[in-house]
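Okay, structure first, notes after.
Just so we're clear, the structure is a prediction, and the values are computed from it rather than from any experiment. The basis for the numbers below is simple: all heavy atoms, side chains too, and nothing from hydrogens, waters or symmetry mates.
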Amino acid sequence: MSHSHHSVVVVGGGNAGLSVAGRLQRHGVKDVVVIEPREHHLYQPMFSHVAGGTARASMATRPQASVMPKGVGWIRDAVSAIDPDSNRLTLVSGDTIGYDQVLVCTGIQKDWNRIPGLAAAMGSPSGASHYEFDLAAKASLLLRDLQRGTVVFTQPAGPATCAGASQKPMYLACDYWRAAGVLDDIRVVMIVPDPTVFGIPLIDEELERKVAEYGIELRCDTELVEVDAESRVAVIAHDGVTERLPYDLLHAVPPQSAPAWLKDSALPAVGDELGFVEVDPHTLRHTRFPSVWALGDSAATTNSKSGGALRKQTTVVAANVEAALRGKPATSVYDGYTVCPFTVSRSTVVFAEFDDAYQLKPTIPFWKGLARERRLTWVFDRHILPWVYWHMILKGRA
């Protein structure tokens with residue numbers, strides 16, 4: 001076992017971790033290290049395109065070493081515990097690391113076993129999901145080859161990374177089935193836990209139009225509560241009443257929570273079973289431990305969790321951490337912005353930009369046009385944004 005100390009330690013080498021580390025390095029902060037055990041980096045927004053058949057799986061992954069920001073250290077290990085009182089992390093290897101400031105960017109945990117039978121369904125020939133890399137590739141084949149029958153898509157209740165993304169492969173698949181002439185032979189059911197398909201009237205209007213166009217059976221205020229994988233039956237609940245829904249294909253998104261080591265730490269709020277890091281939603285600094293910061297899916301912020309929130313979050317955290325290292329107050333503020341691009345066909349996107357009060361917050365002020373179905377936003381989401389991600393966002397430059 002060994003012990004080391006660093007000025008800034010970033011826990012997690014995904015989108016949040018690398019982009020904020022890159023910003024800190026570009027701000028001139030020295031001795032920034034990222035703790036990340038994985039050898040391959042995954043671009044998760046591409047998973048829906050993989051499942052929907054509009055991108056190859058290879059487009060969503062690159063070697064972790066190739067995307068590390070220049071000048072940022074990489075510790076290939078995982079954190080098993082944190083002692084925020086002594087500013088120390090314990091790694092799975094047994095090594096310990098001290099820090100002046102620590103940034104928790106661990107992402108979110110997929111709780112497949114929280115719904116009875118869901119994990120078994122994903123392992124069966126009739127289950128898939130675009131929320132895991134291997135299951136997204138599986139979903140692509142299953143959706144492509146379906147000619148008739150019932151396909152059920154689910155969206156989980158509670159906090160989830162870009163929960164609205166649950167719907168993206170459904171629209172892509174429906175557009176494909178329509179072009180193939182088989183859509184009329186396929187019953188498509190979408191399970192949504194909320195009162196409407198999204199929650200913002202303008203976005204609801206756009207999505208409901210596509211739901212009607214494809215003949216999708218939308219079940220709002222409904223949750224998946226159990227799966228019988230052997231019999232291919234999804235048990236759904238609405239107002240306390242359960243219904244057994246037979247399926248030929250189940251495309252599911254699991255409930256989600258913070259990683260187990262975070263849940264067991266002192267960082268979540270007392271009584272928070274989901275285990276997300278308790279932070280000031282504006283400065284993203286821990287409310288009790290001033291040397292701890294969190295952003296992205298692992299933070300208990302008020303915004304909808306998505307990669308689209310990170311551009312502003314990383315800017316805020318980098319500025320505030322730099323100030324903290326100089327003994328200055330944290331004055332940079334996150335405004336709750338997030339974005340969810342809905343791929344509603346194989347050539348158009350509904351670009352939902354909004355804040356933590358579910359009010360539209362367009363990047364171009366006073367113009368809500370991007371929230372309408374457009375070819376332009378498809379080009380941005382499918383072709384421009386991936387290039388920006390690999391070459392700029394992960395380097396802290398966008």
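- Here the NE2-OH distance, from His6 to Tyr99, works out to 13.5 Å after rounding to the nearest 0.5 Å.
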Test side chain to side chain contact (heavy atoms under 4.5 Å, CB included) on Phe47 and Ser129 and set out the steps. CA-CA 9 Å; Phe47 288 11; Ser129 172; over 6 Å; no
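- Taking the six-membered ring for Trp and thresholds of 30 and 60 degrees, Tyr389 and His41 have ring planes inclined between 30 and 60 degrees apart.
- Sequence neighbours left out, not one pair with a member in residues 15-35 passes ring-ring contact (aromatic ring centres under 6.0 Å, His included).
- Lys138 places none of its side-chain heavy atoms less than 4.5 Å from the side chain of Met122.
- Salt-bridge formation is not detected for the pair Arg26/Glu322: no Lys NZ or Arg NE/NH1/NH2 atom is positioned less than 4.0 Å from an Asp or Glu carboxylate oxygen.
- Minimum heavy-atom separation, Lys305 to Pro159: CE-CB, 3.9 Å.
- The aromatic rings of His251 and Phe153 are tilted relative to each other, their planes meeting at an angle between 30° and 60°.
- Applying the salt bridge (charged side-chain N to carboxylate O under 4.0 Å, His left out) rule to Glu217 yields the partners Arg187, Arg219; only residues at least two apart in sequence or on another chain are considered.
- Contact between Gln167 and Met190 at its shortest, heavy atoms only, is CG-CE, 3.8 Å.
- Using bins of under 30°, 30° to 60° and over 60° for the plane-to-plane angle, the ring pair Phe351/Phe380 lands in the perpendicular bin.
- Screening residues 283-299 for salt bridge (charged side-chain N to carboxylate O under 4.0 Å, His left out) gives Glu278-Arg288 as the qualifying pairs, with residues at least two apart or on separate chains.
- Applying the salt bridge (charged side-chain N to carboxylate O under 4.0 Å, His left out) test to pairs two or more places apart or on separate chains, those with a residue in residues 33-62 are Glu36-Arg38, Glu39-Arg76.
- Looking at Ser48 and His130, their side chains never bring a donor and an acceptor atom within 3.5 Å of each other.
- Just one residue in the list Val333, Val277, Thr301 forms a side-chain contact (heavy atoms from CB on, under 4.5 Å) with Leu284, and that residue is Thr301.
- In summary, the side chains of Trp112 and Glu132 do present a donor paired with an acceptor at a separation below 3.5 Å, with no hydrogens or angles considered.
- In this structure, the side chain of Ser306 engages the main chain of Val339 through a donor-acceptor pair within 3.5 Å.
- Checked by atom type, the side-chain pair His5/Asn87 shows no donor-acceptor distance below 3.5 Å.
- Residues forming a salt bridge (charged side-chain N to carboxylate O under 4.0 Å, His left out) with Lys312 (at least two apart in sequence, or on another chain): Asp335.
- In terms of the side chain to side chain donor-acceptor pair (under 3.5 Å) criterion, residue partners of Thr196 (sequence neighbours excluded) are, by chain and number, Asp204.
- For the pair Thr106/Trp261, a side-chain contact is recorded, criterion being any heavy-atom separation below 4.5 Å from C-beta on.
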Checking Arg372 against Glu205 for the salt bridge (charged side-chain N to carboxylate O under 4.0 Å, His left out) test, could you report, in this order, the C-alpha distance in whole Å, the side-chain angles of both residues, the deciding distance, and whether it holds? CA-CA 9 Å; Arg372 298 295 187 182; Glu205 178 184 332; 3.2 Å; yes
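- Residues Ile200 and Tyr358 have side chains in contact (heavy-atom distance under 4.5 Å, counting atoms from C-beta outward).
- The only member of Arg374, Glu373, Arg375 that meets side chain to side chain donor-acceptor pair (under 3.5 Å) when paired with Thr348 is Glu373.
- Put simply, the residue from Leu267, Thr287, Leu103 that forms a side-chain contact (heavy atoms from CB on, under 4.5 Å) with Val292 is Leu267.
- Between the side chains of His238 and Asp221, no donor-acceptor pair is found at a separation under 3.5 Å.
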